[in-house]
Amino acid sequence: MEAPIYSPSHSYASPEAIRKGLQAWQAALAQFDKAAHILEASGHPLKRGLIEFLRRPKRELIVNFPVQMDDGSIRMFTGYRVHHNAVRGPTKGGIRYHPDVTLEEVRALAMWMTWKCALVNIPYGGAKGGVAVDPAQLSPRELERLTRRYATEISLLMHPGGDVPAPDVGTNPQIMAWIMDTYSMHTGFTQPAVVTGKPLEIGGTMGRVEATGRGVMMVVAEALKVNRIPIEQATIAIQGFGNVGSHAALTAHQMGAKVVAVSDIHGGIYHPKGLDIPRLMEHVRRNRTVVGFPEGEPISNAELLTLKVDVLIPAALENQITAENAPSIQARILAEGANGPTTPEADEILIEKGVFIVPDILCNAGGVIASYFEWVQDLQSFFWTEEEINSRMERILKRAFYEVLAKEEELRPYGLKRGDYRTAAQALAIGRVAQATLIRGIYP
Ligand code: NAD
């Protein structure tokens with residue numbers, strides 16, 4: 001077989017990964033342009049140069065680095081760290097380990113982080129990072145060596161006051177601990193505030209592991225209220241049963257809703273009367289997949305997305321709801337646990353159908369809010385209770401939710417489609433970053 005040609009931005013990514021990454025980046029730009037357009041129509045235009053500034057990432061780092069494998073061989077890996085915008089504060093964003101990570105995907109995710117932090121009004125800019133790797137194929141020692149080397153390679157961009165990574169797909173608290181330790185070894189003293197999502201023992205926060213999924217359900221609870229659906233009668237389907245999906249499922253279960261279907265990369269399960277989520281989580285702990293759970297019937301990922309449910313929560317990856325399957329979506333509320341799960345074409349179709357979309361930058365912001373709390377606690381070396389974390393997070397999410405609803409009403413006379421909460425949320429966020437940029441001024 002011919003060796004793939006090295007291209008700096010993609011390394012040896014497959015054509016499919018490159019296509020998916022580009023699609024995510026184009027979706028992020030299309031959403032931005034739509035929001036910028038509506039801001040202009042409503043009499044709050046962004047200056048021409050400002051649009052260009054906000055559309056572009058501030059800096060992008062590509063690193064190629066070797067890792068020694070357990071059998072003594074050496075393998076090369078490619079990683080990225082992108083800072084999209086740092087006007088409102090240090091950049092914040094997760095680190096993804098997935099074989100399809102590309103520069104374009106990381107860039108899209110970094111841009112969404114900028115809008116997410118501005119939308120919930122926490123003092124951060126947006127960033128993202130990742131390594132093109134399947135972590136399941138590595139031994140724990142290989143994973144540690146890869147993480148420590150990647151952290152070293154990107155350490156010129158990381159700083160407690162400058163850029164603070166966090167977990168995302170394929171990474172977890174142990175990986176964050178290795179990043180914190182590596183950075184601390186280089187600087188000579190312990191620096192917990194350089195990364196969030198750490199284990200509790202080394203400066204992690206109560207509630208961080210659950211925060212994104214729990215936050216998704218806090219926002220869904222409000223969306224159900226607005227749509228006059230009692231939560232005890234609500235049916236929910238969740239695609240992806242990782243950190244976000246499983247904790248959204250558990251919180252939904254605790255709130256009294258019926259989670260009728262969940263899935264992961266291997267397949268899904270369905271029970272019309274509602275799945276027993278704590279037992280399912282136990283099954284996943286033992287088998288590492290939802291497949292084979294005895295109290296339900298198998299269902300495919302494609303079938304799950306089109307189930308007739310009150311709430312559909314995509315909590316896996318980008319580009320899952322597309323022009324092809326959007327016409328068959330039957331959910332009344334689409335709550336985006338994942339980042340970028342809906343393509344712009346699908347968005348149009350769903351808005352026309354009257355689906356109530358809770359956009360990603362609002363729906364999954366619980367994770368970055370809890371990360372922000374972790375960072376604040378680390379900087380002050382003063383720790384809060386889980387109740388404090390959850391109640392403060394809920395207050396922030398609820399405020400952002402109703403601000404988005406109000407923005408949608410405000411922008412409707414200027415051509416915003418009824419129910420286009422994504423564009424309303426982006427307009428709110430972009431307006432805040434634009435305003436901060438103008439107040440700071442353009443250096444020099
Ligand atoms: P994870 O790695 O813990 O879980 C991902 C899950 O998705 C796994 O269950 C996996 O099997 C499943 N999956 C992957 N491909 C799939 C497919 N094609 N069909 C069905 N299931 C599939 O990742 P996570 O941290 O839960 O992140 C999920 C999404 O939420 C991502 O879009 C991520 O960017 C976003 N997000 C995560 C956080 C966080 O705090 N972890 C915060 C905000 C947003």
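In each ligand, atom 1 is the first atom listed, and ligand 1 is the first ligand listed.
Contact residues for ligand 1 (protein heavy atom closer than 4.0 angstrom to any ligand atom): R96, D168, V169, G170, R208, T212, Q239, G240, F241, G242, N243, V244, D264, I265, N301, A315, A316, L317, G337, A338, N339, N364.
By the ring-ring contact (aromatic ring centres under 6.0 Å, His included) test, Y372 is found to be paired with Y124, residues two or more places apart in sequence or in another chain being considered.
Using a 4.0 Å cut-off between charged side-chain N and carboxylate O, R96 and E105 make a salt bridge. Under the 4.0 Å criterion applied to side-chain N and carboxylate O atoms, K407 and E403 are not assigned as salt-bridge partners.
A distance-only check finds no donor-acceptor pair linking the side chain of N364 to the backbone of V216 [under 3.5 Å]. No side-chain donor-acceptor contact under 3.5 Å links D378 to the backbone of Q191. Using modelled atom types, one side-chain atom of T114 and one backbone atom of G126 make a donor-acceptor pair closer than 3.5 Å.
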